[in-house]
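Read through the structure below, which is laid out as structure tokens, and then see the notes.
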Amino acid sequence: MAVLRFPDSDQTITAETEIRAALDAQGIDYERWSLDRVAADCSAEDVLSAYSAEIGDMKRRGGYVTADVIDVKPETPGLDAMLARFDKEHTHSEDEVRFILAGRGIFFFALDGGVASVEVGPGDLLRVPTGTKHWFTLCEDRRIRAIRWFQDTTGWTPQYTGSGVDASYQPICFGPAYLGARVGSGIGVDAKA
Ligand SMILES: [Fe+2]
């Protein structure tokens, strides 16, 4: 379950319907999807197969042309460099769509009314529109596995704003760390649909 925070006013929202409404007002979609159809240790191919209907629906909704499974663990080579690409305020020229299968991370959004953070965990889906100023990092266990959707297969490039606003916010996660079995043996992207 996600945790929505407005750090400037020290406001925390944990109710799913309230999170959805608050994010919807900012053009960000938040959904909860079931995880019970896949085992924690299933392969990326099994994930893509199990969610093929939802993956297809999402492709149609957003004009996405591909989906994959990203798998990041504490031992992932180059993890610090990878995280450093995304923990500074940036935008993308396409939507950022993530369905979290395992692990936890925290998105920060620089919105018109101030900064909001959304801590995401297993079962959470976020769809962040093109051009939204945001940054992201992992929670303490440095673990995340997620389905991603893309509108462009040529690459995933952050466009940095250089605002420095990200330096003012501590990426503190409040939800439970995922303690289930590690899944998959590959690092990074190990299947595409
Ligand atoms: Fe991003």
Side-chain angles (χ1 to χ4, degrees), residues 2-7 19-20 22-31 33 55 58-59 61-74 76 78-173 175 187-190 192-193:
V3 178
L4 171 62
R5 295 193 74 240
F6 296 95
I19 293 172
R20 182 174 295 118
L23 292 178
D24 184 63
Q26 302 290 339
I28 299 168
D29 291 344
Y30 170 65
E31 299 176 13
W33 287 11
I55 288 170
M58 185 61 79
K59 284 180 176 176
R61 282 168 61 183
Y64 312 116
V65 297
T66 187
D68 67 19
V69 177
I70 187 169
D71 201 351
V72 174
K73 305 169 185 174
T76 296
L79 177 56
D80 288 331
M82 182 191 305
L83 293 175
R85 289 188 70 206
F86 298 109
D87 69 0
K88 308 290 185 296
E89 187 185 70
H90 63 273
T91 62
H92 299 287
S93 58
E94 60 176 298
D95 298 348
E96 183 160 335
V97 191
R98 301 287 184 270
F99 171 56
I100 311 302
L101 298 155
R104 299 189 72 82
I106 184 164
F107 284 88
F108 284 85
F109 301 107
L111 306 171
D112 290 340
V115 168
S117 71
V118 180
E119 181 184 333
V120 291
D124 291 324
L125 182 138
L126 272 188
R127 190 156 73 121
V128 182
T130 301
T132 303
K133 294 177 184 174
H134 68 282
W135 61 99
F136 174 83
T137 195
L138 296 178
C139 293
E140 291 81 354
D141 61 353
R142 291 158 65 89
R143 171 81 176 99
I144 203 150
R145 193 184 200 201
I147 300 175
R148 310 184 296 182
W149 285 258
F150 299 98
Q151 288 158 327
D152 185 339
T153 59
T154 59
W156 182 246
T157 306
Q159 290 140 15
Y160 299 104
T161 66
S163 73
V165 65
D166 42 83
S168 300
Y169 294 91
Q170 290 293 316
I172 300 170
C173 296
I187 286 168
V189 175
D190 46 14
K192 287 190 174 186

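Atoms within a ligand are numbered from 1 in the order they appear, just like the ligands themselves. Numbers for residues simply follow the sequence, beginning at 1.
Residue pairs meeting the salt bridge (Lys or Arg N to Asp or Glu O under 4.0 Å) criterion with at least one partner in residues 125-135, sequence neighbours excluded, are D29-R127.
For R85, there are no side chain to side chain donor-acceptor pair (under 3.5 Å) partners at least two apart in sequence or on another chain. Partners of E31 by salt bridge (Lys or Arg N to Asp or Glu O under 4.0 Å), not counting sequence neighbours, listed by chain and number: R61.
Protein nitrogen, oxygen and sulfur atoms, that is N, O or S, within less than 2.8 Å of the Fe ion (ligand 1) amount to 4.
Distance check, rounded to the nearest 0.5 Å: CD1 of I19 to CG of D124 gives 7.5 Å. Taking NE2 of H134 as the start and OG1 of T161 as the end, the distance is 10.5 Å to the nearest 0.5 Å.
H90 and H92 have perpendicular rings, their planes meeting at more than 60° on a 0 to 90° scale where under 30° would count as parallel.
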